[in-house]
Each structure stands twice: as structure tokens, then as C-alpha cells.
Amino acid sequence: MNIEHLKLFVGIAKTSNISVAGREQNLSPAVSSTYISKLEDNLGVRLVHRTTRKVSLTEEGEAFLPHAEEILTNIETARASVGDGEHNPKGTLRVTAPASFGRMHIVPALAGFLARYPELSVDFRFNDSIVDLVEGGFDIAIRDAALKDSNLIARKLAPDRRIICAAPEYIKKFGEPSSPQDISKHQSVNLMGLDMWEFATPKGPLSVKANGRIRIDNGEAVRDAGIAGSGLVMSSIWCAYKALQQGELVQVLPDFPMVSKTAIWAVYPSNRLLAPKVRAFIDYFIEYYGQTPYWEQTLKK
């Protein structure tokens with residue numbers, strides 16, 4: 001099976017256009033069409049539906065696509081393992097990440113990442129929904145929840161510590177809680193599905209229901225509501241750190257850390273060898289965030 005034919009097929013799956021995919025490999029439309037025909041002849045099935053405007057994958061093509069991608073990834077990994085080329089990851093890295101974290105803590109680092117790896121390009125999908133990596137054709141997913149899918153491998157990139165905070169104006173008007181039990185006396189702004197706040201106390205974990213008239217499905221919006229004085233908010237430090245630095249929010253209940261199993265993880269399918277481009281991304285961001293990420297340094301230890 002010809003590797004160049006496989007590369008072209010994967011390119012067609014991404015672009016839905018034989019000419020465009022061929023051009024990315026410096027192939028003419030005629031040669032590109034011949035390559036796909038040869039691949040189909042080799043497999044004995046039709047992989048793409050051809051029209052004058054675009055192409056789409058057949059049912060057999062959809063089934064074959066993840067295997068073609070895995071073959072190409074394994075070849076890239078094998079070449080790197082024996083010192084092929086200059087050890088530089090190549091190609092396109094497809095990543096999905098939570099919208100807020102991606103915008104705040106991945107995008108600012110991309111210039112340095114691409115400068116280190118000039119033969120790489122990146123495609124990002126910033127979405128707070130959990131997507132299927134294999135079905136979506138992603139190489140990596142950034143997640144802030146515990147890994148439940150046994151078919152994925154996770155590498156921890158950074159901690160994701162959560163705290164309770166409020167605007168100085170709110171505290172001035174309503175006072176500051178002195179214990180987790182005091183939360184019930186305050187208004188709060190809750191992230192959807194997280195109205196039970198769990199704290200570590202000398203007597204063990206303590207769960208408190210946060211009372212609030214505002215529920216929001218976005219962490220940045222919860223933070224902003226806190227800045228506006230709407231109530232106490234629970235926020236990840238990576239989300240609130242600038243507001244804390246600027247005095248728009250202050251931490252409350254610092255002596256009662258929150259119980260949380262969250263962290264920032266990079267996950268990838270376990271049925272694939274770790275491709276050089278995936279390893280490069282993970283290693284770069286572990287280095288970029290460090291053992292104590294810059295957002296954690298906001299709070300006094």
C-alpha cells in the first residue's frame with residue numbers, strides 16, 4: 001500500500017476536494033485522481049464519491065479513514081524513533097480544548113510553540129463539550145475533568161485548583177464568610193451543575209449548598225458576575241487570576257481549601273503510538289506551565 005496514496009486520501013477527507021488535497025502534496029489534479037483510483041483498486045472498494053464540485057467519503061471510506069490515519073502516525077513515529085530526518089514533528093496537529101482555557105492559556109503560547117516546530121501547523125476547536133477524539137479526527141483533547149474513558153491515555157499538564165472569591169464591593173456590603181457554613185447566608189453565582197461546594201476541614205470533607213439566583217454555563221461569565229458584585233463565586237485560579245491580581249476579586253475562606261480532583265489533562269487515543277507531533281505538544285506545554293503555573297503564583301502561599 002503506497003504511503004503517498006494514504007496521505008492524499010487523508011487530505012481529501014479533511015478538505016473534501018481532490019485538487020486541494022493534491023496541491024498540499026504538490027500533485028496535479030490528474031495525478032491526485034490517479035492516486036485515489038490506485039488506492040481504491042488496491043483495496044477493492046470505492047473510498048470517495050466524486051462530483052464536479054467536491055468529493056465525500058463513502059461508507060467504506062469513513063470506515064477506512066481512522067486506519068489510514070493510524071498507519072501514517074505509526075510510520076511517522078517509527079521514523080522518528082530511528083533518527084529519520086531532523087527529528088522535527090511535521091504536519092497538522094488537531095486539538096480540541098475548553099473554550100476559556102484555550103483562549104487564556106493555549107493561544108498566548110502558540111507563537112513560541114510554532115517557532116520551536118516550524119514544520120507543524122495546528123487546527124484548534126475550542127468547545128466546552130466533550131468530543132470523541134477518534135470520530136472527530138483529533139490528535140489531542142485538553143480536558144479539565146477526570147479521565148473516564150479507558151481507551152484514552154492522559155498526561156497532566158497543570159493543576160486546576162478552585163477557590164471561593166468575591167468582589168471587594170460585595171464583601172464591604174455583605175461581609176465575608178468566616179467558615180464554609182456561612183456560605184448559606186450569602187448569595188452566590190453558580191456554574192451549572194456545581195452548586196454543592198466541598199471543602200477540606202480538620203474534621204474531613206464538608207459539602208455546602210451554595211444559594212444563588214444566578215446559574216451560568218460558562219466559567220468566565222461566572223467570574224465576571226463575581227467581579228460585578230453578584231455574589232460569592234467558585235472559580236478555577238487559572239480563570240480568576242488576573243481579576244485577583246487587579247483587585248477585582250479577593251479570595252475568601254483561604255483556610256478551607258476546596259476538595260477537587262480536577263486538573264488540566266492532555267488526552268489521546270491509546271490505540272495509537274505517541275506521534276512526534278503529539279509528544280511535542282504535550283512536552284512543550286508541560287514545560288510552559290511548569291510545576292507551579294503562573295496563575296498559581298497569584299495567591300500567597
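Although no hydrogens or angles enter the test, the distance criterion places a donor-acceptor pair under 3.5 Å between the side chain of S37 and the main chain of S33. In terms of modelled atom types and a separation under 3.5 Å, the side chain of S188 and the main chain of N190 share no donor-acceptor contact. Between the side chain of S32 and the backbone N or O of S28 there is at least one donor-acceptor pair closer than 3.5 Å. E176 contributes no side-chain N or O that, together with a main-chain N or O of V252, makes up a donor-acceptor pair within less than 3.5 Å. A donor-acceptor pair under 3.5 Å is formed between the side chain of R223 and the backbone N or O of C239.
The closest side-chain donor-acceptor pair between S236 and D160 falls under 3.5 angstrom.
Comment: K172 does not engage E169 in a salt bridge, judged by the lack of any side-chain N to carboxylate O separation of less than 4.0 angstrom. E287 and R116 are joined by a salt bridge, as a carboxylate oxygen and a charged side-chain nitrogen come within less than 4.0 angstrom of each other.
In this pair, F281 and F124 present their aromatic rings tilted. The plane angle is within the 30 to 60° band. Classification of the Y35-H5 ring pair by plane angle, with boundaries at 30° and 60°, yields tilted.
Looking only at side-chain heavy atoms (C-beta outward), P293 and P159 come within less than 4.5 Å of each other. For the pair L232/Y170, a side-chain contact is recorded, criterion being any heavy-atom separation below 4.5 Å from C-beta on. Here the side chains of L93 and V278 are in contact, with some heavy-atom distance below 4.5 Å.
In the displayed structure, Q246 atom CD is contacted under 6.0 Å by more than 12 heavy atoms of other residues, nucleotides or ligands.
Aromatic ring centroids of H105 and F285 lie 6.0 Å or more apart. Proximity of the aromatic rings of Y284 and Y117 is defined here by a centroid distance below 6.0 angstrom, and this criterion is not met.
The distance from atom CD1 of I282 to atom CG of D139, rounded to the nearest 0.5 Å, is 10.0 Å. To the nearest 0.5 Å, atom CG of residue N2 and atom NZ of residue K7 are 9.5 Å apart.
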